[in-house]
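Numbers here simply count residues along the sequence, with the first being 1.
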Amino acid sequence: MSSSTAANVLPQDGIDLRRTELATLIKKFAPDFGIHPTAIKNLNLIRSDHPTEDLHQILKPALCVVIDGRKEVRLANETYIYDPLNYLVVSVTLPIVGKVIEASPERPYLCMRLDIDPAQICRLIADASPIGVPVARDGERGLFLERTDISLLDAVLRLLRLLETPDDISALAPFAIQEIFYRLLKGQQGQRLHEIAIPDSQAHRVNRAIEWLNNHYAEPLSIDNLAQLINLSASALHHRFKSVTAMSPLQYQKQLRLQEARRLLLSEKSDVSSIGYKKGYESLSQFSREYSRLFGASPSKDMARLRANAG
């Protein structure tokens, strides 16, 4: 491209060129449907050639950048749609429901997911201080959308290009990932990541409560004990927890129990009652009732449907 032509390239044209190259790279390293791990630690490439049904999952902190197609994510009663114009950031572990809503064999859904390490964010804040993080807007959820700009796409492109030269990954990938995280912190809602990473902030304490629940979800839950563990009052824990996750600690625990129970029902030959008991339910009727409310069918009917679809 000549210098005169380059000078006339509009910002949108530059974004489109980057997306075209990113799409080519993702198709190469994710040649078919599914989630594809890569040679770069914590980087996964995702592809779907068609819209999908609801997928219940526990999503850990991550950045999701869509290159083509669209996806819907539901957190409690809230819906988020992300596409090539908007990236998604999950700053704490959340039980969500997701589905691809726009994809075709000609234009597959293509996405890169980079896991976020809060400790790495904390180090970046310390090393690059002062970053000048904007104040968060529109609530304090641990999940948010932000406009995708050319600076972030450039950093993502530098990271994905390394898949073509694996010998360079160990030396150069950490710098590309650091720049990506820096761009997230500089975004309009970077404060949400900033607060989660700073020790002893209320957001960081809520994140500790979330981690505790993920490790002990099958145990009886005492809000007072959990609040004491993270050094917050019970009322402050309830308020802050709900502002971050859109649910109470008890509702969050219930989601974890049911999603893990569903996974075990698919992977093990144990009966429904033993799985429910293993995940903290004392009665089969309560387990079946709450399972049906979340997944839309009783455990036995849900398993029959999932296995039929898998077959």
_Run the salt bridge (Lys or Arg N to Asp or Glu O under 4.0 Å) test on R74 and D54 for me, step by step, so that the C-alpha distance in whole Å, both residues' side-chain angles and the decisive distance to 0.1 Å come before the verdict._
CA-CA 10 Å; R74 298 197 304 275; D54 285 350; 2.9 Å; yes
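- Using modelled atom types, one side-chain atom of T38 and one backbone atom of L43 make a donor-acceptor pair closer than 3.5 Å.
- For the pair E140 and S243, the tightest heavy-atom approach, listed with the atom from each and the gap, is OE1-OG, 3.1 Å.
- A salt bridge does not link D115 with K60: none of the charged nitrogens is closer than 4.0 Å to a carboxylate oxygen.
- When all heavy atoms of L94 and V90 are compared, the pair lying nearest together is CD1-CG1, 4.1 Å.
- Here H50 pairs with F33 under the ring-ring contact (aromatic ring centres under 6.0 Å, His included) rule; sequence neighbours left out.
- The shortest side-chain heavy-atom distance between R289 and Y281 does not fall under the 4.5 Å cut-off.
- The hydrophobic cluster containing L114 also contains I150, counting ILVMFWY residues as joined when their side-chain heavy atoms lie under 4.5 angstrom apart, directly or transitively.
- Every residue two or more places apart in sequence or in another chain that forms a salt bridge (Lys or Arg N to Asp or Glu O under 4.0 Å) with E78 is listed here: R141.
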*asked:* Under the criterion side chain to side chain contact (heavy atoms under 4.5 Å, CB included), I'd like the reasoning laid out for L25 against L157: C-alpha separation, chi angles, the key distance, then a yes or no.
replied: CA-CA 9 Å; L25 286 166; L157 187 52; 3.9 Å; yes
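- I101 and E72 get closest at one heavy-atom pair: CG2-CB, 3.9 Å.
- In terms of heavy atoms, I96 sits closest to G98 at CD1-N, 3.9 Å.
- Using a 4.0 Å cut-off between charged nitrogen and carboxylate oxygen, R161 and E164 do not count as a salt-bridge pair.
- The two residues A30 and H36 come nearest to each other via the heavy atoms CB-CD2, 3.4 Å.
- Proximity of the aromatic rings of Y82 and Y87 is defined here by a centroid distance below 6.0 angstrom, and this criterion is not met.
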_Between K254 and M247, is the side chain to side chain contact (heavy atoms under 4.5 Å, CB included) condition met? List the steps._
CA-CA 10 Å; K254 184 186 299 183; M247 60 193 83; over 6 Å; no
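- Between R158 and E179 a salt bridge is recorded (basic side-chain N to carboxylate O distance below 4.0 Å).
- Look at R18 and D16 and you find no salt bridge, because none of the NZ, NE, NH1 or NH2 atoms lies under 4.0 Å from a carboxylate O.
- For the pair P95 and I58, the tightest heavy-atom approach, listed with the atom from each and the gap, is CB-CD1, 3.7 Å.
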